Engineer: 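Before I ask anything, here is the structure I am working with.
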Amino acid sequence: MTKKQKKGEDFSFLKQSHDSKDFEVFCEIVIPKVPQAYTYGLKDSKNVKEGSVVWVQFGQRKPELGVVLRIIKERPSFKVKLAVPDSSAYSFSPRFMALLLWISHYYLCPIGASLAAFIPAAFTNYLDLLSKEKDKLKENSHGKIEEEVLLEIHKKLPPPLTLAQKKVCHQLKESLNKQGFRGVLLHGITGSGKTRVYQELVKESIKVDKRVLILVPEIALTPQTVDRFSAFLEEPIYVYHSALSVKQKRETWLQLLQKKARVLIGTRSAILAPFDFDVVILDEEHDASYKQHDPAPRYHCKEVAFHLAYKHGAMVVLGSATPSLESYYYAMQNKLLYLSLSERATEVSLPEVQLIDMQKEGVLQQKGVLLSSKLREAITDCLAAGNQAIILMNRRGYAKTRLCSSCGATLFCKNCNIPLVYHKQFQSLLCHYCASLYPVHSPCFTCGSETYEFQGGAIEKLEEEIINWIPSAKLIRMDRDTTQNVGSIEKILKAFRSEEYNVLLGTQMVTKGHDFPGVQLVGIVGADTGAGIPDFRMSERLFQLLSQTAGRAGRSREGALVLVQTMNPSDPIMRFALQHDYIDFANLELKMREMAHYPPFVKLLTVELGAKSFEVLMDAVHKLEALLKKHTQIEVLGPVEAFVPRVNKIYWQRFILKAASVSLFRKALKIAIENPKSLKIASSVIIKLEIN
Ligand code: ADP
Ligand code: ZN
Ligand code: ZN
């Protein structure tokens, strides 16, 4: 008999509804992924409070764990089912419960979906083991993870602080010793030694018995970050991110619940872990991966960090070479303390950036060649000198589109009406939206012809060009298609760091915060081809991409070079990046945002409606439009087709709403979210909401 079946039998009495007279206590209970909370009864009030973990049975589902959201004072007039406290008698802290409610409220996301974001794995498997593990841990004053981590610590003496770093550290310490909310923006150019500064701050925090959460945007950055801190601190470091195994997550969670950890390093989701930090550091704070897109709640890690810090009194440190415009704006408004490091710690100057005008490379371009002769020579020279190069190409696959040789039609995905991308690696055509694969030799969907050609090169093609034309290149490619297995990013980075390879070719994954001392050349191919959905942050993203990628070059030695291939050499953003001029870029871009009413000057809400039937969708869109028109404090843009109007056979339409505060959106949309039926919006319509 499996464990689950046993459980089902044990809890079979949960199934029936009972008269409310049979119970002593009533609670609203939230179950992960069940949108609303439901009322259950308990036999006695022992072991129940808000946050308690209880066994319940919902609908026809198996018995599972839920969390007590509220104790209800009045006896309900309807029949209710029984809830039984878990044998672990575990309950979530008031802080945790308050955050759950806030996330659900602020991001307009049903409570059950919000809870699912907090629970690191299948909840039922998870707390099931809590009671057993707790006993085990009691016997063992050191947790298992601690021991493992402690063994790995090799003490290294860090370099002495530079004068600029000392000044910044001094101000951070001053802020650390204050009470209540403190926010800091550390604007330090790439290689200015921000991490060295965080080390000091963390060390100081531990000294005064404060807990620190260190956030990085990318799972692949956690090993590097852990190394840099563990070499410096006499303190076990805990790690939390979505790629840990269920077992690892559970162990870390247990340790956090026992309040053992004082330093936690993690990615976005670590902000939801049960860790009551006094200091939170967001490294590379501008990075878009701090934002959760799908599924809901579509939260921003930074907003959650600020919310917690305001509410519970904590220090927030944002660090970046290219701060998000919001953060920079708040710093200029003195809402954040602005600290800057404007020199590289190693006293090496920033690399020279040159543009290569691809319109002048006409002949090559016509032949579909991606690599300019100048970049090709630069790579050859760089490798001949025994150095390494990083090449960025932000487009997956081999060729962007497949054209029919007879009728000229582009081959589109049948589910999404989006051009199919040829992936040589998979010997297939791939839709980048719904991930459908098609055979390369499919006949033309328009005329049936079987002859075709490819157009628009992508990263796999660039890889071929470099390997074929630069014999000294030992190239490793890092993009989503070469990093599907757990740990593969770390493997690639390690191999490159140990100089097994001398060229790292990748998508924007290669730009993030890595510190490779051997890199003397960075090439950016196709800088203008936006990676994602066109939106008001496009310029900001391009500037960040250019600056961050450039920042990987020449971190330890002079003479590094950054070459940017572009079709628009006169684009002002290119100019700013060329001159490493963040401040002027930010000021200009903020002016544009103010004129065009975009954040940080207004709040933005994207509302997307989706349905399989176009008629049903448009009906819902018109009803929502009518509702929104009544709210004069909200500026409504749209409805328009979503950027990809049809994904996986579902049609999508989009509104963009602007208002002075998020609460105005909430007021306007409350009814549409909670009770779409009352607006006569079909239940088959999907509503997606995303703030800013
Ligand atoms: P950032 O995080 O700002 O990009 P890092 O902290 O990665 O910068 O530092 C960049 C490089 O400078 C690293 O190789 C680091 O070891 C070195 N470095 C940092 N601080 C110092 C210092 N005070 N003296 C010498 N080298 C330093
Ligand atoms: Zn055709
Ligand atoms: Zn598709």
Side-chain angles (χ1 to χ4, degrees), residues 156-169 186-202 214 216-217 221 224-225 227-229 231-232 281-286 317-323 339-348 350 401-421 428-438 442-453 497 511-519 547-557 644-652:
K156 264 185 263 164
L157 270 183
L161 294 169
T162 63
L163 201 61
Q165 284 172 329
K166 265 189 202 156
K167 272 192 195 155
V168 165
C169 285
L186 174 58
H187 178 197
I189 64 165
T190 52
S192 60
K194 294 184 287 297
T195 312
R196 181 75 188 81
V197 167
Y198 305 146
Q199 287 175 336
E200 290 294 324
L201 175 64
V202 176
I214 302 165
V216 291
L221 284 170
Q224 175 189 327
T225 313
D227 281 352
R228 291 183 73 176
F229 282 94
F232 184 76
I281 299 170
L282 277 97
D283 192 24
E284 312 288 345
E285 67 88 26
H286 62 276
V317 180
L318 308 177
S320 175
T322 52
L339 301 178
S340 92
L341 289 169
S342 51
E343 304 279 328
R344 280 194 158 175
T346 47
E347 289 177 355
V348 179
L350 281 173
T401 48
R402 205 200 82 170
L403 300 183
C404 172
S405 305
S406 305
C407 75
T410 301
L411 206 63
F412 287 102
C413 173
K414 288 179 173 168
N415 303 327
C416 311
N417 300 349
I418 271 284
L420 291 169
V421 176
S428 297
L429 303 167
L430 175 69
C431 170
H432 282 190
Y433 287 87
C434 73
S436 298
L437 286 169
Y438 295 76
S442 313
C444 171
F445 297 155
T446 311
C447 77
S449 162
E450 293 188 9
T451 53
Y452 54 82
E453 55 199 74
R497 192 182 302 280
T511 66
K512 300 188 178 183
H514 306 294
D515 189 28
F516 299 113
V519 173
S547 311
Q548 291 288 346
T549 317
R552 300 310 117 212
R555 289 168 76 89
S556 63
R557 265 168 304 137
V644 184
R646 189 161 160 252
V647 178
N648 243 333
K649 299 187 173 147
I650 296 178
Y651 293 94
W652 289 95

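None of these values were measured; they are calculated from a predicted model. Atoms within each ligand, like the ligands themselves, are counted from 1 in listed order.
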Engineer: Enumerate the atoms of ligand 1 whose separation from the nearest heavy atom of T162 is less than 4.0 angstrom.
Structural biologist: 23 (N)

Engineer: Report, rounded to 10°, the angle at the Zn ion (ligand 3) between the two atoms SG (C416) and SG (C431).
Structural biologist: 110°

Engineer: Just by distance, with hydrogens left out, do H286 and S320 show a side-chain donor and acceptor under 3.5 Å apart?
Structural biologist: yes

Engineer: Select the closest option to atom 5 (P) of ligand 1 among R228, Q224, R196, judged by heavy-atom distance.
Structural biologist: R228

Engineer: Just by distance, do the side chain of K649 and the backbone of N415 share a donor-acceptor pair under 3.5 Å?
Structural biologist: no

Engineer: Look only at the side chain of T511 and the backbone of T549, and say whether a donor-acceptor pair between them is shorter than 3.5 Å.
Structural biologist: no

Engineer: Heavy atom to atom 12 (O) of ligand 1, shortest distance: which of D283, L161, T346 holds it?
Structural biologist: T346

Engineer: Before moving on, can you tell me the angle at the Zn ion (ligand 3) between the SG atom of C434 and the SG atom of C413, to the nearest 10 degrees?
Structural biologist: 110°

Engineer: Does the N or O separation between G191 and ligand 1 drop below 3.5 Å for any pair?
Structural biologist: yes

Engineer: Short question: side chain of S405, backbone of Y452 - any donor-acceptor pair under 3.5 Å?
Structural biologist: yes

Engineer: What do you reckon, is CD of Q199 surrounded by more than 12 foreign heavy atoms closer than 6.0 Å?
Structural biologist: yes

Engineer: If I take the Zn ion (ligand 2) as the centre, what angle separates the SG atom of C404 from the SG atom of C447? Nearest 10 degrees is fine.
Structural biologist: 100°

Engineer: May I ask you to identify, for R555, whether its side chain, its backbone, both or neither come under 4.0 Å of ligand 1 on a heavy-atom basis?
Structural biologist: side chain

Engineer: Between T195 and ligand 1, which residue portion shows a heavy-atom distance shorter than 4.0 Å: side chain, backbone, both, or neither?
Structural biologist: both

Engineer: What distance separates N648 CG from K414 NZ, expressed to the nearest 0.5 Å?
Structural biologist: 14.5 Å

Engineer: Would you tell me which option among S192, P160, P159 has the nearest heavy-atom contact to atom 23 (N) of ligand 1?
Structural biologist: P160

Engineer: So that I can tick it off, tell me whether R555 and D515 are bridged by a salt bridge, with the cut-off set at under 4.0 angstrom between side-chain N and carboxylate O.
Structural biologist: yes

